[in-house]
Amino acid sequence: MADKPLAGAGLRGQSAGATALCTVGKTGSGLTYRGFDIKELAEKAKFEEVAYLLLKGKLPNQAELDHYIAKLKGLRGLPDALKTVLEQIPKDAHPMDVMRTGASMLGNLETEESFDEQQDVADRLLAVLPSIICYWYRFSHDGVRIDTETDDASVGGHFLHMLRGEPASELHARVMNVSLILYAEHEFNASTFTARVCASTLSDMHSCITGAIGSLRGPLHGGANEAAMAMIENWASPEEAEREMLGMLERKEKIMGFGHAIYRESDPRNAIIKEWSKKLAEDVGDTVLYPVSVRCEEVMWREKKLFCNADFFHASAYHFMDIPTKLFTPIFVMSRVTGWAAHVFEQRANNRIIRPSADYIGPEKNEWVPIEARD
Ligand SMILES: CC(=O)SCCNC(=O)CCNC(=O)[C@H](O)C(C)(C)COP(=O)(O)OP(=O)(O)OC[C@H]1O[C@@H](n2cnc3c(N)ncnc32)[C@H](O)[C@@H]1OP(=O)(O)O
Ligand SMILES: O=C([O-])CC(=O)C(=O)O
C-alpha cells in the first residue's frame with residue numbers, strides 16, 4: 001500500500017478540476033481546509049467555525065461566529081409538510097434514505113430559485129439535516145413528535161439532545177464537535193464529486209446535496225463506519241478479532257474502515273478520532289471494543305500495510321456515546337454538507353459542464369434483426 005500508484009481505473013490520480021477548499025495527502029500535514037491543518041482545527045475550532053470557513057471563505061471573528069451560530073439555531077425547525085413525509089417513512093428504512101428524502105423534499109418546499117440564495121440554502125441544510133434525521137428516528141422508533149428547535153449552541157449538541165431527549169454531556173458534545181470537523185471536507189471524494197457533477201449542469205443545491213447523500217451511503221465511502229461497527233461488535237476479544245481478520249484476508253474480503261484512495265500510509269483523521277475513542281472507552285469502562293479495534297489496526301498494518309481511515313475508530317467512538325449504528329453515516333452527512341455546498345459554490349463560480357469521455361468496448365457494428373426474428 002505504501003507505494004501504491006495513483007493511476008488507473010476510477011479516475012485515480014487524474015485531476016478533475018481545481019479547488020481552494022482542501023488538500024488531501026500532500027506531504028507534511030496530510031489534510032488542510034483552506035490552508036488550516038486538520039489537527040489544529042480539531043483541537044481549537046468549533047465545528048460552526050469550520051463550516052463558516054468552508055462556506056464563507058474565512059475564519060469568522062467572534063461577532064461573526066456568534067451571529068452565525070444564532071442564525072443556524074433559528075433554522076432548525078421543520079416545515080409541517082416535511083414532518084408529514086418523515087412520518088410516512090417506515091422504522092426499518094435506512095436512515096441515509098431518510099436523509100436523501102428529507103433533503104429532496106425540502107427542495108420542493110424551499111426551492112432555490114436563484115444562485116443568489118445559495119449561502120442561505122446551504123445554511124438552512126446545515127441547520128436542518130440533524131432535525132430531519134432525529135425527527136424521523138424518534139417518531140418511528142419511540143412514537144414521539146420531538147421539538148427540533150432546541151437551544152443548544154452546537155450542531156453536535158443539538159443532534160445528541162434531540163436523539164436522547166436530554167442535553168449532551170460536555171465530553172460527548174466535545175467529541176461530536178471534533179467528529180464533525182474531521183468529516184467536513186475532503187477534496188474530490190466520490191460524494192463531493194457527485195455534487196460537483198450535478199452543480200455543473202447548473203442544477204439546484206438540493207439536487208446536488210441529495211445526489212451526494214446517495215453517493216456517501218455506500219460502504220466503500222461513508223457507509224464504512226457502520227460496516228466497521230457491524231464487524232467489530234461480533235468479536236469478544238482481540239484474539240478472536242485477529243483470528244477472524246486473518247480469515248477475512250485469506251478469503252480476500254474487503255475490511256471496512258481500512259485503506260484509502262489517496263492517502264498512502266495513514267489518514268491523519270484516524271489518530272485524532274482514535275484518541276477520542278480511547279477517552280470514551282475509559283469513560284464507559286470498556287474493556288472489549290477498544291482493544292479489539294486496536295488489534296484490528298495492528299493486524300491490518302502487519303499483514304497488508306493497510307491503515308485505518310477516518311471511519312474505523314469513529315465506529316467505536318459513536319458506539320461508546322450510545323449512538324445507534326444506523327445513524328453513523330447520517331452524522332457524516334450533517335458534517336459533509338458544508339464541504340459539498342462549498343464545492344457547489346466553487347463549481348458554479350467557474351463552471352463548465354463536467355462531461356468526460358469513455359473508451360468504447362462494445363461491438364463494432366451490429367445488424368438490425370426484426371423482433372419476430374430474434375432468439
Ligand atoms: C471517509 C471515507 O470514505 S474513507 C473510505 C471508506 N471506505 C472503506 O473503508 C471501505 C474499505 N476500503 C476500500 O474498499 C478501499 O481501500 C477504498 C475504496 C477506500 C480505496 O479503494 P482503492 O483506491 O481502489 O484501493 P487501492 O487501490 O489502494 O487498493 C489496493 C489493494 O488493497 C486492497 N484493499 C484496499 N482496501 C482494502 C480493505 N479495506 N480490505 C482489504 N483489502 C483492501 C485492494 O483490494 C487492492 O488489492 P488488489 O491490488 O489485490 O486488487
Ligand atoms: O477522500 C475520499 O476518497 C474519501 C474520504 O476519506 C472522505 O470523503 O472523507
Side-chain angles (χ1 to χ4, degrees), residues 38-39 42-43 47 95-96 156-157 159-160 163-164 168-184 216 219-246 248-249 253-260 263 266-304 306-336:
I38 192 65
K39 294 187 203 75
E43 190 190 326
F47 168 62
M96 284 297 278
F159 167 74
L160 290 178
L163 185 62
R164 301 167 173 164
S169 69
E170 208 175 298
L171 174 64
H172 289 188
R174 180 82 214 280
V175 178
M176 281 303 297
N177 184 64
V178 171
S179 166
L180 293 172
I181 290 172
L182 296 182
Y183 272 147
L216 189 70
L220 295 190
H221 193 8
N225 54 17
E226 292 182 36
M229 187 66 222
M231 178 180 74
I232 57 180
E233 71 187 353
N234 292 319
W235 299 331
S237 67
E239 293 69 33
E240 185 182 357
E242 174 152 359
R243 218 172 32 246
E244 294 297 323
M245 284 193 94
L246 290 174
M248 290 172 79
L249 289 175
E253 290 173 25
K254 270 264 161 88
I255 303 188
M256 299 308 168
F258 286 88
H260 199 274
Y263 296 123
S266 68
D267 179 335
R269 298 166 297 183
N270 176 52
I272 301 170
I273 195 62
K274 181 181 175 188
E275 195 55 38
W276 284 104
S277 175
K278 186 165 185 251
K279 284 195 179 74
L280 288 164
E282 285 158 12
D283 184 57
V284 298
D286 166 78
T287 55
V288 177
L289 199 62
Y290 185 77
V292 159
S293 304
V294 170
R295 182 66 69 90
C296 292
E297 185 178 33
E298 289 165 1
V299 171
M300 284 296 271
W301 184 254
R302 187 187 73 213
E303 298 294 322
K304 290 278 168 192
L306 281 166
F307 52 87
C308 295
N309 57 49
D311 279 334
F312 190 70
F313 276 93
H314 260 107
S316 51
Y318 288 163
H319 183 81
F320 293 141
M321 292 195 287
D322 215 14
I323 297 173
T325 303
K326 61 186 185 173
L327 295 184
F328 288 5
T329 318
I331 301 175
F332 199 151
V333 174
M334 288 161 35
S335 160
R336 184 59 60 87

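With ring centers used as reference points, His314 lies 6.0 Å or more from Phe332.
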Begin from the C-alpha positions of Ile232 and Tyr290 and carry the test side chain to side chain contact (heavy atoms under 4.5 Å, CB included) through to its verdict. CA-CA 10 Å; Ile232 57 180; Tyr290 185 77; over 6 Å; no
For Phe47 and Met176: C-alpha separation, side-chain torsions, deciding distance, then whether side chain to side chain contact (heavy atoms under 4.5 Å, CB included) applies. CA-CA 9 Å; Phe47 168 62; Met176 281 303 297; over 6 Å; no
Lys279 and Arg174: CA distance, side-chain angles, deciding distance, side chain to side chain contact (heavy atoms under 4.5 Å, CB included) verdict: CA-CA 11 Å; Lys279 284 195 179 74; Arg174 180 82 214 280; over 6 Å; no
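A 4.5 Å side-chain heavy-atom check between Met231 and Ile255 finds at least one atom pair inside the cut-off. Here the side chains of Ile273 and Asp311 are not in contact, with every heavy-atom distance at 4.5 Å or above. At least one side-chain heavy atom of Asp283 sits under 4.5 Å from a side-chain heavy atom of His172. Using a 4.5 Å heavy-atom cutoff, the side chains of Leu289 and Phe320 are in contact. Considering only heavy atoms from C-beta on, Leu249 comes within 4.5 Å of Met300 through its side chain. In this structure, the side chains of Met245 and Trp235 come closer than 4.5 Å at one or more pairs of heavy atoms.
Residue Lys278 qualifies as open at atom NZ: its count of foreign heavy atoms under 6.0 Å is 12 or below. Around CG of Asp322, the count of heavy atoms belonging to other residues, nucleotides or ligands within 6.0 Å does not exceed 12.
Here the closest non-hydrogen pair linking Glu297 and Cys308 is CG-SG, 3.5 Å.
Judged purely by distance below 3.5 Å, without hydrogens or angles, the side chains of Asn225 and Tyr183 pair a donor atom with an acceptor atom.
Atom CG of residue Asn270 and atom CZ of residue Phe312 lie 9.0 Å apart, to the nearest 0.5 angstrom.
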